[in-house]
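To start, the structure under review is shown below, and the notes come after it.
Side chains included, hydrogens not; waters and symmetry mates left out as well; all remaining heavy atoms used. Treat the numbers as computed from the prediction; the structure is a model and nothing was measured. Whatever order the structure lists them in is the order used to number ligands and atoms, beginning at 1.
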Amino acid sequence: MSVNVIDGRQLAEHLVEEMAEEVKARTAQGYQTPGLAVVLVGENPASAIYVRNKIRTAEKAGLHCVVIKLDASCSQQALDEVVIELNERDDIDGILVQLPLPAHLSEERIINLISPEKDVDGFHPMNVGRLSTGQATLVPCTPLGCLEILKREIGDLSGMHAVVIGRSNIVGKPMASLLLQANCTVSVVHSKSVDAASLCRQADILVVAVGVPELVDRHLVKPGAVVLDVGINAIEQDGKRKLVGDVNFADVADICQAITPVPGGIGPMTIACLIKNTLAAAKQRGVKQPVV
Ligand code: GUN
């Protein structure tokens with residue numbers, strides 16, 4: 001079987017170009033430029049890279065961007081106050097607090113504090129509830145990017161067996177909700193699952209989001225499956241650092257119908273979906289430019 005490697009970078013670039021046109025059209029109609037605020041606490045190097053990439057792409061799309069960097073030792077109250085101020089700012093349509101936070105800060109508290117209509121991560125319980133009851137809402141960016149790829153690759157997903165490996169709030173659970181809504185039969189496999197391997201081998205669609213380098217090899221993949229690799233793991237090989245996914249790409253690629261690479265697969269699509277959510281939040285808020 002020839003290998004169909006899904007080019008997430010190219011697809012994301014295309015989507016961002018389309019959204020840049022939409023942003024221009026909106027501002028020409030008198031709406032304010034959609035605004036995205038990203039809050040970064042501390043010095044986690046991976047988080048710093050993710051935030052830089054998010055802002056770079058958001059600027060390419062023509063968004064108004066604000067980055068707020070707080071010291072790793074900042075208090076819960078100081079972080080709360082930043083979020084409360086962003087909730088109130090008219091120029092900001094979307095708020096993202098990069099996770100993980102330093103251990104002394106509560107992620108749950110911050111997720112609950114972000115105004116649901118500005119929650120471009122889709123992590124607020126209000127938005128999670130809306131997603132799981134099939135209501136229109138802001139959907140977490142990574143699963144949204146995965147769904148976009150699946151729809152382009154497969155079309156109608158009805159009746160397909162989708163297996164999601166991992167049950168995080170950021171990827172696994174919302175991914176399962178979206179696949180269910182797309183009429184898939186969904187299994188969520190995790191560390192306590194009994195005979196996870198046989199479930200994985202039944203998957204027409206396999207989404208892997210566990211953060212274990214190259215966990216999935218060809219023995220877990222049904223020939224002809226579409227495999228989406230959400231993992232981004234830095235490992236050391238032959239004295240060099242490199243990024244690998246949760247799927248052993250070299251072992252699996254030739255038996256799949258299609259597979260996303262790492263890097264250049266799901267990562268860029270996650271960022272494109274952040275722009276999409278910010279635009280959606282701006283449309284929903286509908287704030288006009290001030291008359292001067
Ligand atoms: N850390 C890793 N992924 C994400 C994400 O999608 N959103 C936020 N806020 N933090 C993250």
For the CD1 atom of Ile271 and the CD1 atom of Ile266, what is their distance to the nearest 0.5 Å? 12.5 Å

Write 'none' if nothing qualifies; otherwise put on separate lines each N/O atom of ligand 1 with a protein N/O atom under 3.5 Å away and their distance to 0.1 Å.
{"from": "ligand 1", "atom 1": "1 (N)", "to": "Gln98", "atom 2": "NE2", "distance (Å)": "3.3"}
{"from": "ligand 1", "atom 1": "1 (N)", "to": "Leu99", "atom 2": "O", "distance (Å)": "2.8"}
{"from": "ligand 1", "atom 1": "7 (N)", "to": "Asp121", "atom 2": "OD1", "distance (Å)": "3.0"}
{"from": "ligand 1", "atom 1": "7 (N)", "to": "Asp121", "atom 2": "OD2", "distance (Å)": "3.4"}
{"from": "ligand 1", "atom 1": "9 (N)", "to": "Val97", "atom 2": "O", "distance (Å)": "2.9"}
{"from": "ligand 1", "atom 1": "9 (N)", "to": "Asp121", "atom 2": "OD2", "distance (Å)": "2.6"}
{"from": "ligand 1", "atom 1": "10 (N)", "to": "Leu99", "atom 2": "N", "distance (Å)": "3.0"}

Any ion pair linking Arg152 and Glu148 (charged N to carboxylate O, less than 4.0 Å)? yes

Under a 4.0 Å N-O cut-off, is there an ion pair linking Lys283 with Asp93? no

Going by the rule salt bridge (charged side-chain N to carboxylate O under 4.0 Å, His left out), which residues pair with Arg218 if we only count those two or more places apart in sequence or in a different chain? Asp254

Rounded to the nearest 0.5 Å, what separation is found between the CD atom of Glu43 and the CG atom of Asp71? 7.0 Å

Exercise: do His14 and Gln10 side chains pair donor with acceptor under 3.5 Å: no

